[in-house]
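Written below as structure tokens is the structure these notes are about.
It should be emphasised that the depicted structure is a prediction, and the values quoted were computed from it without experimental measurement.
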Amino acid sequence: MVKMTLIARVTDGLPLAEGLDDGRDLPDSDMYKQQVKSLFKNLSRGHNEASRMSVETGPYVFHYIIEGRVCYLTMCDRSYPKKLAFQYLEDLKNEFERVNGPNIETAARPYAFIKFDTFIQKTKKLYQDTRTQRNIAKLNDELYEVHQIMTRNVQEVLGVGEKLDQVSEMSSRLTSESRIYADKAKDLNRQALIRKWAPVAIVFGVVFLLFWVKNKLW
């Protein structure tokens with residue numbers, strides 16, 4: 001059964017639409033929504049390995065597709081057929097692009113296309129019962145294959161994002177520190193040169209001064 005549906009822009013993680021009644025009767029719904037936000041955040045930072053993926057979380061699975069810089073995500077029971085989940089997302093994608101395509105990039109506020117919930121709810125009802133003739137036909141459709149779509153664990157996926165962030169932060173910190181060390185090295189070299197040549201300069205200065213005074217007196 002489809003439990004939750006969200007649509008977000010990949011470039012910045014901005015949520016564009018969602019199923020308004022999703023998760024109301026779902027235990028720990030806030031936790032799963034937070035995981036979705038983290039997934040979108042990772043995707044916006046370029047931490048996506050595939051345009052289609054399934055991510056296991058507890059008794060559920062997140063399925064998502066990325067198309068035209070938009071991520072279409074749904075959370076279903078583990079027992080719900082993967083094939084139907086992705087066909088459900090394909091239906092959402094096709095309609096969302098048809099209706100809102102030209103305005104996706106310019107959307108500036110969260111849930112700018114919240115009215116799309118009407119289509120989400122209507123389409124979700126079509127996919128809820130896997131035993132209907134329509135859905136059985138979709139399951140038997142050999143032209144639509146999902147076997148090659150990768151399945152991973154949510155902690156693994158989110159953990160990779162966190163590790164990449166840590167590596168990025170460490171790299172930035174090392175770059176900053178190396179600049180500081182380079183500046184300090186330049187200062188030390190400058191001071192070493194001053195210590196080396198200052199006595200020579202003083203001697204030459206004294207000799208020059210004595211020579212000048214001698215010429216003045218004579």
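Annotation: side chain of C71 is in contact with side chain of F40 (closest heavy-atom distance under 4.5 Å). Contact of the K138 side chain with the L84 side chain is registered, since non-hydrogen atoms from C-beta on lie closer than 4.5 Å. A heavy-atom distance below 4.5 Å is found between the side chains of Y72 and E97. Annotation: side chain of D141 is in contact with side chain of Q87 (closest heavy-atom distance under 4.5 Å). Residues K93 and V70 form no side-chain contact, since every pair of their non-hydrogen atoms from C-beta on lies 4.5 Å or further apart. Looking at I7 and Y64, their side chains never come closer than 4.5 Å, going by heavy atoms from C-beta outward. Taking 4.5 Å as the limit, some side-chain heavy atom of I149 sits within range of a side-chain heavy atom of S54. Counting heavy atoms from C-beta on, the side chains of L16 and F116 never come closer than 4.5 Å.
For A8 against G13, the heavy-atom pair with the smallest separation is CB-O, 4.2 Å. Of all non-hydrogen atoms in V2 and Q128, the two that sit nearest each other are N-OE1, 3.0 Å. Residues R9 and E105 approach most closely at NH1-O, 3.2 Å, considering heavy atoms. Nearest heavy atoms, M75 versus L26: CE-CD2, 3.2 Å. Contact between Y32 and P59 at its shortest, heavy atoms only, is OH-CD, 3.5 Å. Pairing each heavy atom of S44 with each of D12, the nearest pair is CB-C, 3.7 Å.
Here CG of D28 is found 13.0 Å from CD of Q34. Values are rounded to the nearest 0.5 Å. Here the CG-CD distance, from N153 to E56, works out to 6.5 Å after rounding to the nearest 0.5 Å. Summarising the geometry, atom CD1 belonging to I66 is positioned 11.5 Å from atom CG belonging to L89; distances are rounded to the nearest 0.5 Å. Going from atom CG of L92 over to atom NZ of K124 covers 10.5 Å, rounded to the nearest 0.5 Å. To the nearest 0.5 Å, the span separating NZ on K33 from CG on L6 amounts to 7.0 Å.
Every residue two or more places apart in sequence or in another chain was checked for a ring-ring contact (aromatic ring centres under 6.0 Å, His included) with F62, and none qualifies.
Both L126 and I120 are assigned to one and the same hydrophobic cluster, defined by single-linkage of ILVMFWY side chains at heavy-atom distances under 4.5 Å. In this structure, F119 is not a member of the same hydrophobic cluster as V99, with clusters built from ILVMFWY side-chain heavy atoms closer than 4.5 Å. Criterion: ILVMFWY side-chain heavy atoms under 4.5 Å apart, direct or through other members. Under it, V146 and V61 are not part of a common hydrophobic cluster. Both M31 and L73 are members of a single hydrophobic cluster when ILVMFWY side chains are connected at heavy-atom separations under 4.5 Å.
Residue L20 is found in a hydrophobic cluster whose other members, listed by chain and number, are Y111, I114; membership requires side-chain heavy atoms under 4.5 Å apart, directly or through intermediates.
The backbone N or O of M4 lies less than 3.5 Å from a partner atom in the side chain of T74, making a donor-acceptor pair. Remark: side-chain polar atoms of K83 are paired, donor with acceptor, to backbone N or O of L139 under 3.5 angstrom. With hydrogens and angles ignored, the 3.5 Å screen pairs no side-chain donor or acceptor of D77 with any backbone N or O of S79. Between the side chain of Q121 and the main chain of G19, no donor-acceptor pair closer than 3.5 Å is present. In this structure, the side chain of N135 does not engage the main chain of R131 through any donor-acceptor pair within 3.5 Å.
In R78, the CZ atom is crowded: over 12 heavy atoms of neighbouring residues, nucleotides or ligands sit closer than 6.0 Å. The number of heavy-atom neighbours closer than 6.0 Å to CD of Q148, taken from other residues, nucleotides and ligands shown, is 12 or below.
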Inset, instruction - Begin from the C-alpha positions of Q35 and Q155 and carry the test side-chain contact (heavy atoms from CB on, under 4.5 Å) through to its verdict. - result: CA-CA 9 Å; Q35 287 181 346; Q155 297 303 327; 4.2 Å; yes
Inset, instruction - Kindly indicate, with the supporting measurements, whether the criterion side-chain contact (heavy atoms from CB on, under 4.5 Å) is fulfilled by T151 and K82. - result: CA-CA 10 Å; T151 299; K82 189 175 184 178; 3.1 Å; yes
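Judged by the 6.0 Å distance and 45° axis criteria, R134 is positioned over the aromatic ring of Y127.
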